[in-house]
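Letters go in sequence order (proteins before strands), and every chain restarts at 1.
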Amino acid sequence: MTSRLYIEDLSNHIGEQVTLAGWLYNKRSSGKIRFLILRDGTGLVQGVLVKNNLAEEIFNKFDELTQESSFRMTGTVRKEERAPGGYEMDVQNVEIISIAKEYPISPKDHGVDFLMDRRHLWLRSSRQHAIMRVRHEIIRSIREFFDTRGFTLMDAPIFTPAACEGTSTLFETEYFDLGKAYLTQSGQLYGEAGAMAFGKTYVFGPTFRAEKSKTRRHLTEFWMVEPEVAFNDLNDNMDLAEALLQHIVANVLKNRMPELTSLERNTAFLENVAKPLPRITYDEAVAILHKKGLPFEWGNDLGGTDETVISEEFDRPVMVHRYPSAIKAFYMKRDPENEKLALAVDVLAPEGYGEIIGGSQREDDYDLLLGRIKEHDLPQEAFDWYLDLRRYGSVPHSGFGLGVERTVSWICGLDHVRETIPFPRMIYRLTP
RNA sequence: UCCGCGGUAGCUCAAUGGUAGAGCACGUGACUGUUAAUCACGGGGUUGUAGGUUCGAGCCCUACCCGCGGAGCCA
């Protein structure tokens, strides 16, 4: 393949004649001068067609081109202060590749449902483009963070024989002659096996929840990264979560500022992530709620509104740790200083974005873990392999899960997670 | 599952119970610097579905369908 020129590289080709290939984003005309706006996936550039400088046949290709038609445009690159990207092309030739039928997404207002039905086309728009690029930067940063710190990627299976935590509603399917299988809701238990084998591991993959959650924070299929580290206690775990968030946000600010700007994201809260993240206990969180006059009862889990109220007290993500063990998963270790508490931590994003990280120190004692499994009425044989991790050289260990879509939503300042993933899956949406 | 809001042109939305409209998109024309270009003209409707009230229903009533937001659950 010959090296192809993209719009993002135009700054190195000022004064040269080049050919770009892409799609028609929009066009404008003013009689004897016409403008074609080409989109090639890396940016937009305006081509200028002047009637007196062009063969009539080329000038008239303007009339044939419809929105999103594919074509090649050859011309001379010129710096142009008035152009949004800073560059413009004086067009010498236009080669039509395919004329698009009437494009359903016009440059004006559309409702979300209409756009979601055409998600495969909506992804071409500049706003979705910006979000996807930030998502990519976040995922790239996550991998970079762990890969440069000696973590081994150890992905967990999607098909699982039983509920990981026994609480959520799972998607169920027939699995040959072996009965029912379930789509995973978390790779964590497998991650723990990985940590006992490799010391530091992370699981990174899709997870599935069949609950009929109907809010701006929920998808039925979402991506989660779950590091797990042998010998880490809760404090180590919080240090790791803090460093990961700081790495992600710093990279997005460094590499995706144009995208954040086009999303009109106020980056003040993001800049604050570089500072140490506040850590408060569940008790202190409850005190904040009471101070604000909310009728919150100790022992309950924090609801969406509670999380928002707590996060409003801080100008960056806040870590809430040591929750009542009764409301947390069976595998979380109890606080040796207070048996009513679990060594759990949630990270709440600011501005009401809610929980983006949930994690804990794991129970490493065989007898206590077995007792929890029984207390939660979980099928013991399904967890036999998991108990092996406590039979053979058990050590303290910790980990957490970071929800990718909620993180993207927060960093981009979106009002719904459905725009953070290319093809969202929600209770009422399975297509496209 | 519960609570609230909504469904009118391809899209976004108007319309005291009294002739269904605008902007955008599309088509035709004008314009040599447009930035969601502008201007003129034009085609475009089973008002979510089924009933009911009324001289007359997009509007009022009943049921249902679909969507959105929130609660619960969670990342």
Side-chain angles (χ1 to χ4, degrees), chain A residues 25-37 44-54 59 62-63 66-68 78 80-85 88 90 100-118 122 125-127 164-165 167-170 184-188 206-226 241 300-308 327-329 346-349 352-359 400-410 415-418 420-421 426-429:
Chain A
Y25 189 74
N26 200 0
K27 66 177 185 180
R28 283 182 287 275
S29 158
S30 182
K32 298 195 175 82
I33 183 166
R34 294 172 167 180
F35 305 92
L36 292 173
I37 300 174
L44 298 173
V45 70
Q46 177 164 270
V48 184
L49 288 74
V50 178
K51 184 168 183 145
N52 293 343
N53 300 346
L54 281 177
F59 189 71
F62 178 94
D63 295 325
T66 54
Q67 189 185 358
E68 288 301 319
R78 180 165 45 73
E80 172 59 67
E81 295 297 330
R82 288 171 288 184
E88 220 170 57
D90 290 318
K101 302 247 188 300
E102 190 177 330
Y103 194 65
I105 303 177
S106 60
K108 269 236 176 169
D109 302 333
H110 296 286
V112 172
D113 200 49
F114 174 84
L115 292 166
M116 271 300 170
D117 282 340
R118 293 152 187 81
W122 191 18
S125 76
S126 56
R127 175 182 164 83
C164 287
E165 307 186 10
T167 50
S168 301
T169 315
L170 303 186
T184 184
Q185 61 164 322
S186 164
Q188 183 211 307
T207 47
F208 308 87
R209 304 278 165 92
E211 272 130 8
K212 294 199 169 180
S213 298
K214 208 169 142 44
T215 81
R216 67 184 63 200
R217 302 184 306 280
H218 287 88
L219 299 170
T220 57
E221 176 183 320
F222 64 97
W223 286 69
M224 189 154 66
V225 60
E226 301 177 277
N300 289 343
D301 205 355
L302 302 174
T305 314
D306 306 319
E307 290 180 352
T308 302
I327 55 168
K328 286 294 182 182
D346 283 357
V347 179
L348 308 180
Y353 280 94
E355 182 182 350
I356 52 173
I357 284 180
F400 61 85
L402 169 83
V404 169
E405 286 73 20
R406 285 189 184 174
T407 303
V408 177
S409 187
W410 161 55
D415 60 13
H416 202 301
V417 289
R418 66 190 156 200
T420 65
I421 186 167
M426 295 173 287
I427 43 175
Y428 294 124
R429 180 168 295 281

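At whole-Å resolution of the value, CZ in A:R78 and C1' in B:rG33 are 10 Å apart. With rounding to whole Å, A:F35 atom CZ is found 14 Å from B:rU38 atom P. For the pair A:L49 CG and B:rG33 P, the interatomic distance rounds to 15 Å; values are reported in whole Å. Remark: P of B:rG27 and NZ of A:K101 are 14 Å apart, rounded to the nearest angstrom. The CG-C1' distance, from A:L219 to B:rC74, rounds to 12 Å in whole Å. What separates CG of A:N300 from P of B:rG72 is a distance of 10 Å, to the nearest Å. Distance A:F59 CZ to B:rC31 C1': 11 Å, rounded to the nearest Å. Rounded to whole Å, the distance from CG on A:L402 to P on B:rA75 is 11 Å.
Straight-line distance between the C1' atoms of B:rC26 and B:rG44: roughly 9 Å, to the nearest whole Å. Comparing B:rU16 with B:rU12, their C1' atoms are spaced 25 Å from each other, to the whole Å. Nucleotides B:rC61 and B:rG4 have their P atoms positioned 15 Å apart, rounded to a whole Å. Taking the C1' atom of each, B:rA30 and B:rG45 are spaced 31 Å apart, rounded to whole Å. Taking the C1' atoms as reference points, B:rC13 lies 27 Å from B:rU28, given to the whole Å. When the C1' atom is used for both B:rG42 and B:rG69, the distance is 40 Å, rounded to whole Å. A gap of 14 Å separates the P atoms of B:rC59 and B:rG52, to the nearest Å. Rounded to whole Å, the C1' atom of B:rG33 lies 13 Å from the corresponding atom of B:rU38.
Taking every heavy atom of both residues into account, A:I357 and A:A241 meet most closely at CD1-CB, 4.0 Å. The two residues A:K328 and A:D346 make their nearest non-hydrogen contact at NZ-OD2, 3.3 Å.
At least one side-chain heavy atom of A:I427 sits less than 4.5 Å from a side-chain heavy atom of A:T220. You'll find the side chain of A:E355 stays beyond 4.5 Å of the side chain of A:R217, heavy atoms only. Using a 4.5 Å heavy-atom cutoff, the side chains of A:H416 and A:V112 are not in contact. Residues A:F35 and A:V48 are in side-chain contact: their nearest non-hydrogen atoms beyond the backbone lie under 4.5 Å apart. Counting only heavy atoms from C-beta outward, the side chains of A:R406 and A:F222 never approach each other to under 4.5 Å.
Between A:H218 and A:I37, the residue anchored nearer the 5' end of RNA chain B, judged by the nucleotide with its closest heavy atom, is A:I37. Each of A:V417 and A:Q67 has a nearest nucleotide on RNA chain B; the 5'-most of these lies closest to A:Q67.
Looking at heavy-atom distances under 4.0 Å, A:E221 makes no contact with the nucleic acid at all. Heavy atoms of A:T407 sit nowhere under 4.0 angstrom from any nucleic acid atom. Here A:E405 lies out of heavy-atom contact (under 4.0 Å) with every strand. Across all strands, A:D346 comes closer than 4.0 Å to no nucleic acid atom at all (heavy-atom distances).
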Side chain to side chain contact (heavy atoms under 4.5 Å, CB included) between A:D63 and A:R34, intermediate numbers included
CA-CA 10 Å; A:D63 295 325; A:R34 294 172 167 180; 3.5 Å; yes
Using side chain to side chain contact (heavy atoms under 4.5 Å, CB included), reason through A:I37 and A:R28 one step at a time and then give a plain yes or no.
CA-CA 8 Å; A:I37 300 174; A:R28 283 182 287 275; 2.9 Å; yes
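Rounding to the nearest 0.5 angstrom, the gap separating the CZ atom in A:F62 from the CG atom in A:L36 is 6.0 Å. A distance of 10.0 Å separates CZ in A:F400 from CD1 in A:I356, rounded to the nearest 0.5 Å. Note: A:R429 CZ to A:L219 CG = 12.0 Å, rounded to the nearest 0.5 Å. Taking CZ from A:F114 and CH2 from A:W122, the interatomic distance works out to 11.0 Å, rounded to the nearest 0.5 Å.
Donor-acceptor pairing under 3.5 Å, judged by distance alone, is absent between the side chain of A:R34 and the base of B:rC31.
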Measure all distances between protein nitrogen or oxygen atoms and nitrogen or oxygen atoms of nucleotides 65-70 of chain B, and list the pairs falling under 3.5 Å.
{"residue": "B:rG69", "atom": "OP1", "partner": "A:H416", "partner atom": "NE2", "Å": "3.0"}
{"residue": "B:rG69", "atom": "OP1", "partner": "A:R418", "partner atom": "NH1", "Å": "2.9"}
{"residue": "B:rG69", "atom": "OP1", "partner": "A:R418", "partner atom": "NH2", "Å": "3.2"}
{"residue": "B:rG69", "atom": "O3'", "partner": "A:R216", "partner atom": "NH2", "Å": "3.3"}
{"residue": "B:rG70", "atom": "OP1", "partner": "A:R216", "partner atom": "NE", "Å": "2.1"}
{"residue": "B:rG70", "atom": "OP1", "partner": "A:R216", "partner atom": "NH2", "Å": "3.1"}
{"residue": "B:rG70", "atom": "OP2", "partner": "A:R216", "partner atom": "N", "Å": "2.8"}
{"residue": "B:rG70", "atom": "N7", "partner": "A:K214", "partner atom": "O", "Å": "3.3"}

What pairs of nitrogen or oxygen atoms, one from the protein and one from nucleotides 6-11 of chain B, lie under 3.5 Å apart?
{"residue": "B:rC11", "atom": "O2'", "partner": "A:D109", "partner atom": "O", "Å": "2.8"}
{"residue": "B:rC11", "atom": "O2'", "partner": "A:H110", "partner atom": "ND1", "Å": "2.5"}

For RNA chain B, what dot-bracket results from Watson-Crick or G-U pairs at under 3.5 Å, with [ ] for crossers and | for inter-strand partners?
(((((((..((((....[..)))).(((((.......))))).....(((((..]....))))))))))))....
